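Structure first, commentary second.
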Amino acid sequence: MSDNLIEVRNLVKHFEVSNSFFSGKKNVVKAVDGISFNIKPGESLGLVGQSGCGKTTTARSLCLLDPKTSGSVNFFNPEKQLMESIDNIDDDSLKIFRRNIQMIFQDPYESLNPRWTIKDIIKEPLDIHNIGNLAEREHTIVEILRTVGLTPPENYLNRYPHEISGGQRQRVSIARTLVMKPKFVICDEPTSMLDVSIRISIMDLMLNLAKELDVSYLYITHDLAVARYMCNRIAVMFNGKIVEIAETEELLQNPIHPYTKRLISSIPIPDPQFVRERYEINFEGLDKIVRDNPNEQMVDIGNNHFVATHETKEYLIES
Amino acid sequence: MVVVFFLFLIISYLLFDAIPGNAFQNLLLNPSLPPYAYEETIALYGLDQPLSVRLQKYIVNFFKGDLGYSYIQFPKTAIELIGERLPRTLMLFSVVNILAFYTGFFVGKVLAWRRGSKSETWITITSVFSYTVFYPWFALLMLWFFGLKMGWVPIGKFLTPNKWYDSPFDSDEVFLEMIKYMVIFSLIYFVISILTKEIESLTQRRNIRLGSFFGLIVISNFYWNTGVLSDMRFYAGDIAYHTILPVLTVTVVAFAGTALLTRTTMMEVLKDDYILTARAKGLSQKRIRDRHAARTALLPVVTSFIFTIVTIIDGSVLTETIFSWPGMGQLILDSVLREDIPVAMATFSFIGVFALIAHFLADVSYAFLDPRIRIKSQG
Amino acid sequence: MLFVVFAMVVVACGDTSDDAADDVVEESSDTTAAPATTTAPAQEESSSAPDGVFKLAIFQDPATQNLFKWYDTDTDAYSLYQMTGQSVSLFGISYPNYTLIPSMATELVETSTDNGDGTFSYTVPIVEGYEWSDGNPITAQDWVFTYNTAKGLPLLGQWAAVWPSNCEVECVTNVEAIDDYTVKISFNYDPGLTGWQYGAAVAPALSKAYWEQFATSREDLLAVSGAEAPVASAFVYDKIEQGAFYTWTYDSDTMYFGGETTNYANGGVAISQDNGVAPAVSGEFGDLSGESFTYANGPFVGQVEFSIYNDQDSAYLAFENGDVDFVLNPSGVKRATYEKLSRIPGTEVISNFSNGMRYMAFNTRVFPGSNKAYRQAVGCIVDKNYVINNVLQGVAINMDGQMPAALTSWVAPVTGVLNDCAGLSAQEKWEKSIQILQDAGWQATDWGSHPGGAERAIAPTGLKGPNGEAMPENMLLYAPGPGFDPIRSTFSLFVADYMQQLGVDIVARPTGFGVIVDKVFTAATCKDWHVYMLGWGLSAFPDHPTNFFDGANDTCVNEGFNTTGYNGPDGYKNPEFAELVSQFKGAKSVSEAQALSKKMEAILFDDMPYLVLVTTPILEVYKENIEFPFTNMLDGLQQLSGNPGNVKVSD
Amino acid sequence: MNEINEKSELRKIRIQSIKRNFNLFKQSKIGILGLVIVFIFGFLALLQPFLFMTNIWDEATYHPVVGYDSQKILATVVSCKDIEYPTPEYKTPSDCPAADEVNIVAVAPYNPGIKEGDVIEQFIQPAPPSSKHILGTDSLGRDVFSQLMEGSQVAFVLGLLSAIVGVGISTLLGTIAAYFGGTVDAYLMRQSDLVLMLPTLPLLFIISAFAELKVWHLALVLGIFGGLGGSVITIKSQALQVKVKPFVDSARITGGSRMKILTSHILPNVAPLALLYMVFSVTGAIASESILSFLGLLNIDMSWGLMISVAQADGYINQGMEYWWLVIPAGLAVTLLAGGFYLVGRGLDDVFNPRLRRR
Amino acid sequence: MFSIQGLEEDNMSVVLDVKNLSMHYETLAGNVSAVKDISFSINSGESFGLVGESGCGKTSVAMTLLQLQPENSVITEGSIKLEGKELVGLSEDELRKVRWDSISIVFQGAMNAWNPVIKIGEQIREALREHYPDNSKQTNIQKIQELFKMVGLDDTVADRYPHELSGGMKQRAVIALALSCDPKIIIADEPTTALDVVIQDQILNEIKKVQELLGLSLIYISHDIAVIAEMTDKIAVMYAGSIVEMGPTKKIFENPVHSYTRALLDSTPSIRGEKKKLKSLDGEPPSLINKIDGCSFAPRCPDKETRCNPNEHMRLVEIATDHFVDICSQGKE
């Protein structure tokens, strides 16, 4: 199994929400309810689902932004050449982990500190990890700006985020993310707030960089079309659980789980001639059955295609 | 909260204790008084004991409900003194605050609505200066101008002595009766407003409300003509006459805070999409302003207003002094300056409790006004 | 919403107020016409009760109407203003000339009896037939009761001064009634003017009949409101509206009604009173041969109204507006207001000297305050006249000795450095001061020089005391801030500057009044200060130097509990002076006391523990429709609480 | 070389951004008005030491506290009795005494034996405005204009110091509370509740009773109480908003230490609001000082409140407009400077708060 | 100026006719020309799509149609005729009568379209009251219930506050609100942008259903060409304030003529068909503050060399029946 870059087993994240204004009684919201997946080096996995299904929570738990409730996450420590758990990690390994995992956020307007220049923003990870001397850092920054297509870099170094456009900002975000050459990057809908014409260039950039720098992505999106463009494999998430996971084309051609089908059927097609098949499913019923079978296992139906096994046919409503 | 209050008590006591001198220092200034008289006096009041002992005793007694006797006005208790002063302060400042709130809210509303116009700029500047005006100076000028120069209003005090020579009532009774009346009146009007909420036609709704308001005024006329109130009416009128200038002065200063806050929140609200929706719906400007923008902007304004109510008593010190209106503010000032620790402590803890209640009220009113919180609280 | 309601109420009531006001006016005239119906059996003569209301403004809600309480811990002047009738005393003081006269005593008993056991007694006959307003006679029992109550409960505060009963020091050992109309008061020493005439003989006695029922404990006694207490004056309490106003109404049973008082220039007084209730009195006191002025005794008003204004400025605005006739202000009206009001039609103005002083005290316990030459040098260089006449122009009057100028017969001639330095130029004063220091053996590295004229002197450096004592650094001159008292504040700045020219490292530090008092009157900090400025209000009998400078009273020496008398903050000690003090206390006649006082003053002029600065005039204003029998007196009309008993009101 | 170039370029960028921001600020008329007011008083505050140092003003005459300028005239003593006006000499009661006359009641208490018709040497104190004293002198012969300038120094020192201290404290505590949350937050919030419970003005009375309270002591006290009170809550809520911004998350993922995140990410982004608060709290500090001085509770040498207090102590305040130079300039100064700061704050808020921006 | 031929012939069914509309915003930095010389018309029952990237002026067009543009905007020329009635220049009171009664709008971000402190039902009744002042309460409530049924909400929603509803429900309620006064035209301004795909699908469905049911005209504004493809009969592609191509949806998708239209189509990922390499467009949209001479798309045009005519002013020409294309991309021939 050590050919994986990251292994997630039964990741669970619960939130306590105080439900009453006066009493302070707390309710538990199971945002992520036991999900497992692996990512191999160079691979990108799409995590697809509706808003509120736990995609972002998964991402935040993975990169230690929020502590997970239970489950294990192992990552490949390139210096020790072995898989290491992120729990009880020692400081050195944590540093390596920090260096190798990064995240790109959705909103290009909020993800850069408005008070810092582009140079400072990109330099921050280098400063934190104390990589290279000052001149080297400078050099690295110029290089990475060029890599993400912000040329000439000198034009950007001393500018503030509000002085550049949304697409450029997202490029800066990518530059900041990649400046330490991480092995694994979590992308939380990085293009959903960009315009169509710019979106593709950012996605292309990310794809190219993945090849060039040998980066793996966990790509979070609700748009299967985007996921298809970006990912090798897609995991479909529903109410905190992964219900189906397969190679991209396999999943799109041969969806098994009703939720996957519903999801695919709702993607509009840029072709006025084409009339979509529409599915409607009983979300409440599906929700119930997912909740009632917390220990449901995924089964492999071949082609590296895993599906949650609960009996779901009855919740499918043909339309 | 109890812990906070407890700490509040301790801190206040320590502060009072740290003031140089004590309540009986004046005795030292009588050159023919033998020093033992002073020593005996402070010993009797326990002031010679170490601070820790006194503090402990005070706290224990406090939680037993015994706030102690006034040093200066011995043997009146601190609670008696507050009970005597409170209605007057309540009367004056409830009127001021309601008035200041409504004018402030209205002015703020108009300011935000007329954003960018010349009048907006000028009214804003005026409001800012009336907000920051050097209050005692301003109050004295008002007193001089309206009281002396124009002679429209009485100078100071809350009554005209010669009208009260034979009054069968204490002024406090009259104050209480007036407060009672105002509360009843507004409650009834409030209930009417709620009941008429369901009337679909807007003009009809307005007419009914207006009608019932005048109806209430007619009824109040009867009310003040019944039984003992018909005698009291005259005295209540005298007090009301004396409230005009202080109310006017404080309102001029106090409305601006609300106006400026309303202006800010309302400007924020005006950026919200539902204002656009409301315009798209074809609603009239006034209705959008009042029903949509102002209604939503009301939330933070009310909350902050409730917090400022706490400062009523606090801020009333100057007003009450200049307008010779002996209420809580003067009690605080006197007791602090003359180091009448039990009374000062009592007024401070009264304000503290009042602040706690206001915090609570602010939460409740926020929940009442903001359904987003209200539903949560029921759930 | 509520406001509208409120406005409507105002309007509604405004409509009806005219009728209602008429009603009240009628009612009130009824009440004033027959006030006695509730208080005493109606008497036909009372229908002749005078008309008119005398309206006074006071600045503070009286804390109590209970005189026992006032003497206990409430030292506030405003409270006393409206309680003066509650007590009687054996002797009284005749204003305006400050003469001692009998009050309840039939004669001025001025000789004591030696009882042989170390105690001395005065036996005083009391006028028979006078009654409290509740009809009970005023008898010797009232004195006995008052003294025993103060001693027995015990009452605190000022009772120790008016009826001293702590016999570890000088005290009144006993008050007994020989019969109903003779009271015998015994002391454990042979008291002079201080202890007797201006002490026990003017001490208050309250009605036993009324107060006895409450005198079970201090708490009970002080808890009594006092508004119902019988009085021995022309007025009884009528309406008390806490925080707003108090009224007195004419008491038909008044014991003072009509008659005449004649004050003679040489101090004699003739009084005749006969109101048909009390027995006729025709007293003649002292030497009655000089020039005289006579006034008729009141009361001439039916009602006295004390209105409470919490702010002086608004009180004077109300005065200007005609709401009140007289502002009862212990410090008088401010100068500018006085001048302004004087020009307003219908206003009368009066100015009098006040019985008080502002002074600067040296701490004579610590160097350099302990050095006489230093004090003298400071006294010499400070050009009070410049500060008073130029800077403070118009708000203060120079004062050198301890006695206010108005007490002419007490004022001692200025001697010592103050005399020597008077009228010198700034340069001469500086040179003289330096000379004083040099003569006393002070040393300096450089004595500096004076460039002459209005220039500042170049101060000496390295000043050292005669025994080589180093001058303390960073000394502070404590004085109230300009917001509390501009006079002292200004003086402190100038005095500090003069002292700096003498090479003293001192700055004026504006300090809270309470802070100064706390610092200089507390034994623990008695050596922590160098100079301060405060003021004294003085009593009718000018015995204050004995209190101020009696070395035996030093807080420091006795470390706290001081049983002998006043805590002298200055720490001044001089055996010669102490001897004079004890003689003064035993002095039985005014002339003897005055002679001693002048001797004491001479010592003080030389020793200079205090640098007396100024006194201020008391300015007062009243409405023209008010007529006072006399307005010329020390401390002004406020001394007599506005003299409501003799005031006339016309329309 | 490169370093220097970059620095100068950075500076240029800063200057540009300041310019741009100022251009934006210029939009707000009220903000500009406020700024003008603040600058005028700032100028006054600086002008006075300049005048003294260059000896244009002589300290003995113009010093705001111990300066003294005796202006004497020879005046005839007259009696301004309440007689029927107009009289041949005077039209209205306020014309008596005329410029070269003095009312006998004003001088008699200090000059026993004075008679009508005497000619005496009279000091004019307070003297009305003249070319020498453009705002006249006060009752102690001190130059009012100089006092006004001294007062603006006091107001600036007090206002700015207390604002800086207060906002410094509340920013620090607010961000700490927001960032650490949990017990730290709970403690800090209770603490600010506690401070909010203390009534401001009476508290200041108490504090002013302590020994030797100088202006900067008062500034510290006002700052500390202001800083511990309500603004902590506001700053905290702002910091909470910043805390959840993705760039903070980025820094955390990268492994930035708490201290670093707090100081380099959260604080700078809370700073604009803090600055705004600072401008507003200057207003409160100036008002507090003036009220304390006015009530005579503060023992300092000079301030605007004290100027009015002294005018009041001598009875000039309730004289309407007759002695306006003693009452109006100082009272207006307090109002204007406090209002000026407030207007600047409002202007900043209007222009830089995106929720309020008009365009 | 010129007018669009061919549409004027069947004037009877034209509900909305916009001619040569230009407007700009006055800002500190200068005037922002948000809409430049735009003309289009909509027939009754027709659905018209307005597609373009953010900042291209689509929303400004929508706002101008209702005369809801912000204070600092100025309509420099052009006319908007609603059933022959000119809207430009009407007073606020006259406009109030037109709004909602004739044209209603579904805004972007349904989350914010509701006043958070007023109940949903009350907010709809408010519009009814304004336009049908004589209705009884009962009538209004009934009407609301009908509307709710139509958009698939139950009656209880009327008594709830906005925050108690999910995003999808709120958007449905917004549609009900838009329908409440029986308008002729509904403008849907990116009604599904903030929603995820499944909800978007449902809402699109709902809008389509209602439009067909009531025979309304629909102006659908979106940046998502895929959604537009599904929703509309006719589209106009906007770039930098101008329409660059306009025509029946099918025609344009079959035969996109303008380079920008093609770029848009090429950059839209799809789950159908071959996974192909998408083409991106270099550069950023031009700032509208500066006056642009010639073709504003020229700097980004991928076919600059071959087809573009960069010096030509942008204006539409009809290249086939009902198919209008910006003249700049007509090549150099």
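All of these numbers come straight from a predicted model, not from anything done at the bench. In what follows, chains are A, B, ... by sequence order, proteins preceding strands, each numbered from 1.
Checking Q330(B) against N310(C) by side-chain atom types alone, a donor-acceptor pair falls below 3.5 Å.
Contact of V162(C) with chain B is not made at all, since no heavy-atom distance falls under 4.5 Å. Within the 4.5 angstrom heavy-atom criterion, no atom of S220(B) approaches chain C. At a 4.5 Å heavy-atom cutoff, the contact between F169(B) and chain C is made by backbone atoms alone. Looking at E339(B), there are no atoms closer than 4.5 Å to chain C (heavy atoms on both sides), in backbone or side chain. Using a 4.5 Å cut-off between heavy atoms, S165(C) touches chain B through its backbone atoms (N, CA, C, O) alone. Heavy atoms of Y198(C) lying under 4.5 Å from chain B are absent altogether. In this structure, no portion of T160(B) lies under 4.5 Å from any heavy atom of chain C. Using a 4.5 Å cut-off between heavy atoms, D323(C) contacts chain B through its side chain alone, with no backbone atom that close.
From I308(C), atom CD1 reaches atom CH2 of W325(B) across 14.0 Å, with rounding to the nearest 0.5 Å. The line from CG of D238(C) to OH of Y165(B) is 9.0 Å long, rounded to the nearest 0.5 Å. A distance of 12.0 Å separates CD1 in I155(B) from OG in S307(C), rounded to the nearest 0.5 Å. How far CZ of F245(C) is from OG of S324(B): 14.5 Å, rounded to the nearest 0.5 Å.
Considering only residues two or more places apart in sequence or on other chains, P542(C) meets the side chain to side chain contact (heavy atoms under 4.5 Å, CB included) condition with M403(C), L407(C), W410(C), H544(C). Contacts of K69(C) classified as salt bridge (Lys or Arg N to Asp or Glu O under 4.0 Å), with partners at least two apart in sequence or in another chain: none.
Ranking D172(B), L159(B), V96(B) against chain C, the residue ahead of the rest is L159(B), based on heavy-atom pairs under 4.5 Å. Heavy-atom pairs under 4.5 Å with chain C were tallied for F24(B), Y71(B), F101(B), F158(B); the largest tally goes to F158(B).
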Donor-acceptor contacts under 3.5 Å from residues 135-152 of chain B side chains, at least two apart:
unit_1	atom_1	unit_2	atom_2	d
Y135(B)	OH	T319(B)	OG1	2.8
W137(B)	NE1	V327(D)	O	3.2

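The shortest side-chain heavy-atom distance between E219(C) and Y69(B) does not fall under the 4.5 Å cut-off. Here the side chains of S167(B) and K239(C) are in contact, with some heavy-atom distance below 4.5 Å. Considering only heavy atoms from C-beta on, Y309(C) stays 4.5 Å or farther from F323(B) through its side chain. A heavy-atom distance below 4.5 Å is not found between the side chains of K157(B) and E241(C).
Summarising the geometry of L156(C) relative to E40(B), their closest heavy-atom pair is CD2-OE1, 3.5 Å, with the distance given to 0.1 Å. What you find for D311(C) and I322(B) is that their closest heavy atoms are CB-CA, 3.9 Å. Among all heavy-atom pairs drawn from G243(C) and P326(B), the shortest one is O-CG, 3.2 Å. Nearest heavy-atom pair across R218(C) and Y45(B) is NH2-OH, 2.9 Å.
Applying a 4.5 Å heavy-atom cutoff, the residues of residues 56-65 of chain C that approach chain B are Q60(C), D61(C), A63(C).
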